[in-house]
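Worksheet for the structure shown next.
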Number of protein chains: 2
Amino acid sequence: MNDHDTPDSLLKLDLQVCFALYSTNLAMTKVYRRLLRELGLTYPQYLVMMVLWEEDGQTVSEIGERLFLDSATLTPLLKRLEGMGLLSRRRAADDERRVRVRLTEQGRELRIRAEAIPEAVACASQCQPEELMALKDQLHALRRKLNG
Amino acid sequence: MNDHDTPDSLLKLDLQVCFALYSTNLAMTKVYRRLLRELGLTYPQYLVMMVLWEEDGQTVSEIGERLFLDSATLTPLLKRLEGMGLLSRRRAADDERRVRVRLTEQGRELRIRAEAIPEAVACASQCQPEELMALKDQLHALRRKLNG
DNA sequence: TGCTATTAAATAGCGCGCGATTTAATATCG
DNA sequence: CGATATTAAATCGCGCGCTATTTAATAGCA
């Protein structure tokens, strides 16, 4: 009996946390897609907007640190949001390497409509809030270990 | 004090399971990227190979049901794996709509080298196996609720 | 049989995510 | 000061992941 066909081989899909993470993330994204469609946002765009709603005027790098994304991902995404009229991008006067991202009035207003989303997602998950918070904490712990 | 700037607003990034899921998935993918580079596979390609190592000769739809992906994602991915000489794609004789995917000898052999990966990932996660299994089960439960 | 409906896979187009490189501005140091 | 190093953002190319559509084969039914 070798490792290649034992039922408990570690190569089994359903035994891997990683696939659980991957596939649950896909499922979650599908739920968001429906909800975000009426706001005209994708999920990563929604994340950027949340970062800016928390604190406006951050640089591309600061947004990236928050979301674990780099400029190769963020620059085109931010340009799209700028094209939608939700934010502006301008080089910082004191350090022209940096680009400050600021919400427009329209970008700030979108927050009102976005307020309903977290609850709608929680509802779609059919979980108790405590369960979700516990899961969140475990995921943050795992992420810290993987990144560090 | 309104909902827009209360510290406990549900729109806060770090309060959302969804972002925990999203960002932990990114971190996990980064770990895999390093390990899979020497096999010449991406993570989704690795998933497809695992499905076929578990059971060879599945159709595109069957692989898709297992991975929660559709033919729009799988067809180009499978063509790449075919191009690498890891598998073959052929229309089923009894139903020419279906495409059966079969591992080549090279595809089967790759499994030997892949055997080391789950352990390496578990190691990178710096977690106890029991923790990871518990997390996996919670994620599967959440996925089921989100999909159903 | 022949017509329509359904199904499986493929295709087109778009938005991430990232490795690798480039461009431009600032920092550092002789 | 000037040359080099570092940093921030942008750019390029590729592989997903998905919506919408298309193509082709089979099923179902009058």
Side-chain angles (χ1 to χ4, degrees), chain A residues 19 21-37 39-49 58-84 89-101 147, chain B residues 19 21-34 36-49 58-65 67-84 88-101 147:
Chain A
F19 177 63
L21 209 50
Y22 170 85
S23 55
T24 309
N25 185 51
L26 288 184
M28 188 67 88
T29 305
K30 280 190 231 299
V31 170
Y32 268 100
R33 209 185 316 278
R34 270 195 60 257
L35 296 168
L36 288 173
R37 196 205 304 272
L39 301 198
L41 295 178
T42 65
Y43 183 63
Q45 289 167 4
Y46 168 72
L47 291 179
V48 167
M49 293 303 289
Q58 297 189 65
T59 65
V60 174
S61 299
E62 286 165 349
I63 296 170
E65 281 168 30
R66 204 86 176 72
L67 298 179
F68 304 93
L69 297 172
D70 70 352
S71 69
T73 300
L74 286 174
T75 298
L77 189 158
L78 290 167
K79 283 184 176 175
R80 267 169 232 125
L81 291 175
E82 188 180 34
M84 297 178 207
R89 297 156 57 248
R90 210 169 61 220
R91 295 274 168 188
D94 58 324
D95 183 346
E96 295 243 327
R97 289 173 303 184
R98 298 177 188 223
V99 168
R100 290 221 169 271
V101 181
N147 282 337
Chain B
F19 177 64
L21 208 50
Y22 170 85
S23 54
T24 308
N25 185 51
L26 289 184
M28 188 67 88
T29 306
K30 281 189 230 299
V31 170
Y32 267 101
R33 209 186 317 278
R34 269 195 60 256
L36 288 172
R37 196 203 311 268
E38 50 197 279
L39 299 198
L41 295 177
T42 65
Y43 183 63
Q45 288 167 4
Y46 168 73
L47 291 178
V48 168
M49 293 303 288
Q58 296 189 65
T59 64
V60 174
S61 299
E62 287 165 347
I63 297 170
E65 280 167 31
L67 299 179
F68 304 93
L69 297 172
D70 70 352
S71 71
T73 299
L74 286 174
T75 298
L77 190 157
L78 289 168
K79 283 184 177 177
R80 269 169 230 124
L81 291 175
E82 187 180 35
M84 297 178 205
S88 69
R89 298 157 56 249
R90 211 170 61 220
R91 295 274 167 188
D94 59 323
D95 184 347
E96 296 243 326
R97 288 172 304 182
R98 298 178 188 221
V99 169
R100 289 220 170 270
V101 181
N147 281 337

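Throughout, protein chains are lettered first and strands after them, A, B, ... in sequence-line order, and every chain is numbered starting at 1. What's counted below: heavy atoms across the whole structure, side chains too, no hydrogens, waters or symmetry copies.
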Item checked: Closest-nucleotide ordering on DNA chain C, the 5'-leading residue of Ala93(A) and Arg80(A) -> Arg80(A)

Margin query: Of the options dA10(C), dG15(C), dA8(D), whose atoms approach the side-chain atoms of Thr75(B) most closely?
Written below: dA10(C)

Next item on the list: Let me see the working for Glu96(B) and Arg91(B) under salt bridge (Lys or Arg N to Asp or Glu O under 4.0 Å), right down to the final yes or no.
Entry: CA-CA 5 Å; Glu96(B) 296 243 326; Arg91(B) 295 274 167 188; over 6 Å; no

Margin query: Between P on dG17(C) and CD1 on Ile63(A), what's the gap in Å once rounded to a whole number?
Written below: 15 Å

Check: Quick check: does any side chain N or O of Tyr43(B) sit under 3.5 Å from a backbone N or O of Phe19(A), one acting as donor and the other as acceptor?
Finding: yes

Notebook entry, point to check: Considering only dA10(C), dC16(C), dA10(D), which nucleotide approaches the side chain of Pro44(A) most closely?
Noted result: dC16(C)

Checklist line | Between dA8(D) (P) and Glu65(A) (CD): distance, integer Å | finding: 8 Å

Notebook entry, point to check: When every nucleotide of nucleotides 18-25 of chain D is labelled 5' to 3' by its protein contacts under 4.0 Å (heavy atoms), B for base, S for sugar-phosphate only, - for none, what sequence of letters results?
Noted result: BB-----B

Next item on the list: Measure the distance from CD on Glu82(A) to P on dA10(D) and round it to the nearest whole Å.
Entry: 10 Å

Checklist line | Partners meeting side chain to side chain contact (heavy atoms under 4.5 Å, CB included) with Leu77(B) (sequence neighbours left out) | finding: Pro44(B), Gln45(B), Val48(B), Arg80(B), Leu81(B)

Check: Rounded to whole angstrom units, what separation is found between the CE atom of Met84(A) and the C1' atom of dC14(C)?
Finding: 12 Å

Item checked: Spacing of Leu78(B) atom CG relative to dA8(C) atom P, expressed in whole Å -> 16 Å

